[in-house]
Amino acid sequence: MAFETIIVEIEDHVALIKLDRPDALNALNSQLAQELCIALEDADTNDKVRCIVITGSDKAFAAGADIKEMSEMSFVDVYSSNLFGALNDRVCAIRKPIIAAVAGYALGGGCELAMLCDFIIAADTAKFGQPEINLGVIAGLGGSQRLTRFVGKSKSMDMNLTGRFMDAEEAERSGLVSRVVPAKKLMEEAMGAAQKIAEKSQLSAMAAKEAVNRSYELPLGEGMLFERRVFHSMFATEDQKEGMAAFLEKRAAQFRDK
Ligand code: CO8
């Protein structure tokens, strides 16, 4: 499918999805949300793809939901279309790992989209924020929920109530991002991480993603049980035999996703 608001490239088992609305700092309008979901679902079902990277431009990962598009909408419009509900649900349903490579602004829906990914690698130019309060609304795609789980109540309240931005160093210190690198190195680092994941058994990668995500939904005892049972189930795979044999034979594992 030809996309107008994103660019998709597949190379060495990694699907790179670049948000591409430069005139609006990659603001997420309904077309971009729809195209992004389709591209992610294509990547998820494409046997050549083993990891996904979402990125934006040097200036903006995404400066939020498209304010122009939203400004005239009524309650009935947003409620009946469940505005951005499908984006949340469809991104959450992707089983392959997704890395957000963030440079510049990741604000509002942009910060929320980054948090919807499995982890965030940030350039030292990244700025995260939930400035929806300045628009007379609140976060709508996880800014009050996921952000609070990442950075704790105090910082989340601060960001959601004052609308202030967090720089990359603070974001790493607070647990929002996993690594910060110089802007010039961002794509090399993100693609390198994606390549590392692509080398693993896809069964283990999907199971690890599933298990970590359950930790947000389950009490500890239930989460531990879920993890242990999934761990047990991996012993039914050829990749477990191969991975452990390769370690003992001091060679690289050849995983076959079986
Ligand atoms: N929507 C639409 N257009 C935007 C947006 C946006 N969110 N952000 C920037 N633009 C446009 C500007 O209007 C401008 O267009 P034009 O040149 O036609 O006037 C162009 O991008 C460049 O922007 P600026 O001139 O403002 O660039 P600056 O470098 O001066 O400032 C900022 C950059 C600080 C990022 C500034 O653009 C800004 O504050 N943007 C809005 C940030 C914001 O409030 N985001 C939250 C939006 S609401 C939201 O995300 C709700 C989420 C809930 C649902 C989630 C669904 C995904």
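Counting starts at 1 for both ligands and their atoms, in listed order.
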Visitor: Using a strict 4.0 Å cut-off to heavy atoms of P131, name the atoms of ligand 1 that fall inside it.
Guide: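 Taking each heavy atom of P131 in turn, ligand 1 has 43 (C), 44 (O), 45 (N) under 4.0 Å.
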
Visitor: What protein heavy atom is closest to atom 1 (N) of ligand 1, reported as residue, atom name and distance in Å?
Guide: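 The closest heavy atom on the protein side is I67 N, 2.9 Å.
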
Visitor: Looking at M187 and A101, what are the two nearest heavy atoms and their distance?
Guide: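 Of all heavy-atom pairs spanning M187 and A101, the closest is SD-CB, 4.0 Å.
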
Visitor: By number and element, which atoms of ligand 1 are closer than 4.0 Å to a non-hydrogen atom of G140?
Guide: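 The list of qualifying atoms is 53 (C).
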
Visitor: Could you tell me whether some N/O pair between M70 and ligand 1 is separated by less than 3.5 angstrom?
Guide: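 No, there is no polar N/O contact under 3.5 Å.
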
Visitor: Going by heavy atoms in the side chains, are I54 and C117 under 4.5 Å from each other?
Guide: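 A side-chain contact exists here, since the closest heavy-atom pair is under 4.5 Å.
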
Visitor: For residues 85-113, which residue pairs pass the salt bridge (charged side-chain N to carboxylate O under 4.0 Å, His left out) check, not counting sequence neighbours?
Guide: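 As it turns out, the salt bridge (charged side-chain N to carboxylate O under 4.0 Å, His left out) pairs with a partner in residues 85-113, which skip direct neighbours, are E41-R90, R95-E210.
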
Visitor: Got a salt bridge between E242 and R256, using NZ or NE/NH1/NH2 to carboxylate O under 4.0 Å?
Guide: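 The answer is no: the pair does not qualify as a salt bridge.
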
Visitor: Quick check against the 3.5 Å criterion: does K241 have a side-chain atom that pairs as donor or acceptor with the backbone of F235?
Guide: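 Between the backbone of F235 and the side chain of K241 there is a qualifying donor-acceptor contact (under 3.5 Å).
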
Visitor: Using heavy-atom distances, let me know which of A24, G64, P22 sits nearest atom 5 (C) of ligand 1.
Guide: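 Going through A24, G64, P22 one by one, A24 has the nearest heavy atom to atom 5 (C) of ligand 1.
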
Visitor: I'd like to know if the side chain of Q130 reaches the main chain of G143, judged simply by a donor and an acceptor atom lying under 3.5 Å from each other, with no hydrogens or angles considered.
Guide: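 Checked: no pair found.
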
Visitor: Is the closest protein non-hydrogen atom to atom 16 (P) of ligand 1 under 4.0 Å?
Guide: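 It does not; no protein heavy atom is within 4.0 Å.
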
Visitor: Among the heavy atoms of D23, does any lie under 4.0 Å from an atom of ligand 1?
Guide: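 Checking ligand 1 against D23, which is what was asked, there is a heavy-atom contact under 4.0 Å.
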
Visitor: Which atoms of ligand 1 sit under 4.0 Å from any heavy atom of L107?
Guide: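 Counting from 1, the qualifying ligand atoms are 35 (C), 42 (C).
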
Visitor: Among protein heavy atoms, which lies nearest atom 36 (C) of ligand 1, and at what distance?
Guide: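 It is L25 CD1, 4.7 Å.
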
Visitor: Is ligand 1 under 4.0 Å from a heavy atom in the side chain of E112, in the backbone, in both, or in neither?
Guide: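 E112 to ligand 1: side-chain contact only, backbone stays beyond 4.0 Å.
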
Visitor: Please determine whether a side-chain nitrogen of the Lys or Arg among D257 and R50 lies less than 4.0 Å from a carboxylate oxygen of the Asp or Glu.
Guide: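 R50 and D257: salt-bridged.
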
Visitor: Please list the nearest protein heavy atom to atom 18 (O) of ligand 1 with its residue and the distance rounded to 0.1 Å.
Guide: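 For this ligand atom, the closest protein heavy atom is K68 NZ, 4.1 Å.
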
Visitor: If the cut-off is 4.0 Å to any non-hydrogen atom of L135, which atoms of ligand 1 fall inside it?
Guide: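 Once the distances to L135 are compared, the set is 44 (O), 47 (C), 48 (S).
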
Visitor: Distance below 4.0 Å between atom 30 (O) of ligand 1 and any protein heavy atom?
Guide: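 No, there is none.
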
Visitor: What do we get for L28 next to ligand 1 when only non-hydrogen atoms under 4.0 Å count, side chain, backbone, both or neither?
Guide: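 It is the side chain that gets close, since no backbone atom is under 4.0 Å.
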
Visitor: Any non-hydrogen atom of K59 lying under 4.0 Å from ligand 1?
Guide: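 Contact present.
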
Visitor: Just to confirm my output: which protein heavy-atom neighbour is closest to atom 42 (C) of ligand 1, and how far is it?
Guide: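 The closest heavy atom on the protein side is A63 O, 3.3 Å.
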
Visitor: Nearest to atom 54 (C) of ligand 1, what protein heavy atom do you find, and at what distance?
Guide: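 For this ligand atom, the closest protein heavy atom is F84 CD1, 3.6 Å.
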
Visitor: Taking only heavy atoms of E132 into account, list the atoms of ligand 1 that are under 4.0 Å away from them.
Guide: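 Near E132, the atoms of ligand 1 are 48 (S), 49 (C), 50 (O), 51 (C), 52 (C).
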
